[in-house]
Number of protein chains: 2
Amino acid sequence: MRRDIFQAVADPTRRAIITLIALQAMTPNAIAEQFNTSRQAVSKHLRILTECELVKGEQKGREIYYRLEVERMKEIDKWLEQFRKIWETRFSQLDELLSTIKKPKT
Amino acid sequence: MRRDIFQAVADPTRRAIITLIALQAMTPNAIAEQFNTSRQAVSKHLRILTECELVKGEQKGREIYYRLEVERMKEIDKWLEQFRKIWETRFSQLDELLSTIKKPKT
DNA sequence: TATAAATGCAACTGATCGGTTTCGCAAATT
DNA sequence: AATTTGCGAAACCGATCAGTTGCATTTATA
């Protein structure tokens, strides 16, 4: 039961669900119709996504609308931060290199 | 054998390895010393990371130095892009709301 | 040349995963 | 009140996973 946001996002179907409901909340049935999967399978994915709070369900009568907790996605972004620093540094080093070539031996 | 960058990053040990070698290339033995895992386990992780080109090994004598292919990490960043748009929109909507409160009925 | 060190690879194992099937429950419809 | 609809939960199944153990190969060292 160790739900991890990275593990949640590892599954392609789950990523597709996330993208699907990113713009508007949807019911499990509606989601399942978009894929070649059963409603129950989607339900299991939604449970996993709910467990790590990537998704939240809101009951409306007998339907449940699931919507993306987009804020939670920032966790991944946060982890990427350290590498973004590196690739930006690489870029500025390249930048520096280029300007060194332009005016060699300042 | 369907190696996917998201699946590669799903494992916490693999994420730790990535972070570890992000700044400087390391050998499997050196990496294994940092964790509570065997060298062989690290080797398997490195194989997976190599398969999806997140990591590249360079032979130096009988040692192999593995370094991070930081460019590859941008794939994850790229996927996040769509959600970044959403949360930035949310933010600017909040921004708009705040300025509406400040000066109501312009 | 014999030995030690660094590594990859294959076989095995218990755990987990993603999916299906079946069931039960609550809300809507007839 | 009986039926249909929308849903989650549990039991099960084959596939995959992460780790261990054992072995083979190449390079450095004694």
What string of B, S and - do you get for nucleotides 23-30 of chain C 5' to 3' if you count protein non-hydrogen atoms under 4.0 Å? ----BS--

Between atom CG in B:Asp11 and atom P in C:dA15, what is the gap in whole Å? 17 Å

If you count every heavy atom of other residues, nucleotides or ligands that lies below 6.0 Å from B:Gln59 atom CD, does the total exceed 12? yes

To the nearest Å, how far apart are A:Leu46 CG and D:dA9 C1'? 14 Å

Minimum-distance nucleotide (side-chain atoms of B:Ile64 versus C:dG18, C:dT7, C:dC9): C:dT7

Considering all heavy atoms, the nearest B:Ile31-B:Val42 contact: CG2-CG1, 3.7 Å

Strand-adjacent residues in residues 21-36 of chain A, judged by heavy atoms under 4.0 Å from DNA chain C: none

Counting distance alone, no hydrogens or angles: does the base of C:dG19 have a donor or acceptor under 3.5 Å from a partner atom on the side chain of A:Lys44? yes

So, is B:Thr37 near the phosphate of D:dG19, with a side-chain N or O under 4.0 Å from OP1 or OP2? no

Using every non-hydrogen atom in the two residues, find where B:Ala22 and A:Ile86 come nearest and quote the distance to one decimal. CB-CD1, 3.7 Å

Rounded distance (Å) that lies between atom C1' of C:dG18 and atom CD1 of A:Ile48: 8 Å

Any chance you could measure A:Leu49, atom CG, to A:Arg3, atom CZ, to the nearest 0.5 Å? 9.5 Å

Both B:Ser43 and A:Thr13 contact DNA chain C. Taking the nearest nucleotide for each, which residue is further toward the 5' end? B:Ser43

Would you mind checking if B:Glu51 and B:Arg47 are paired as a salt bridge, meaning a charged N to carboxylate O distance below 4.0 Å? yes

Starting at atom OH of B:Tyr65, determine the distance to atom C1' of C:dG8, rounded to an integer number of angstrom. 18 Å

Could you give the CD-to-P distance, from A:Glu58 to D:dG8, as a whole number of Å? 14 Å

Please check the phosphate of C:dG19 (OP1 and OP2 only) for any side-chain N or O of A:His45 closer than 4.0 Å. yes

For B:Tyr66 versus B:Val55, what's the shortest heavy-atom pair and its separation? CD2-CG1, 3.5 Å

Compare side-chain N and O positions of A:Arg3 against OP1 and OP2 of C:dC17 and report whether any pair is under 4.0 Å apart. yes

Start with the C-alpha gap between A:Arg84 and A:Glu81, add the side-chain angles, then the distance that decides, and say whether salt bridge (Lys or Arg N to Asp or Glu O under 4.0 Å) holds. CA-CA 5 Å; A:Arg84 196 171 295 119; A:Glu81 199 65 30; 2.8 Å; yes

Taking atom NZ as the centre, does B:Lys74 end up with more than 12 heavy-atom neighbours from other residues, nucleotides or ligands that are less than 6.0 angstrom away? yes

Spacing of A:Glu63 atom CD relative to D:dT4 atom P, expressed in whole Å: 19 Å

CA sep, side-chain torsions, deciding dist, call: A:Lys44, A:Asp11, salt bridge (Lys or Arg N to Asp or Glu O under 4.0 Å): CA-CA 12 Å; A:Lys44 278 186 75 172; A:Asp11 183 77; over 6 Å; no

What integer distance in Å separates B:Asp4:CG from C:dC17:P? 16 Å

I need the CZ-P distance between A:Arg47 and C:dT16, as an integer number of Å. 14 Å

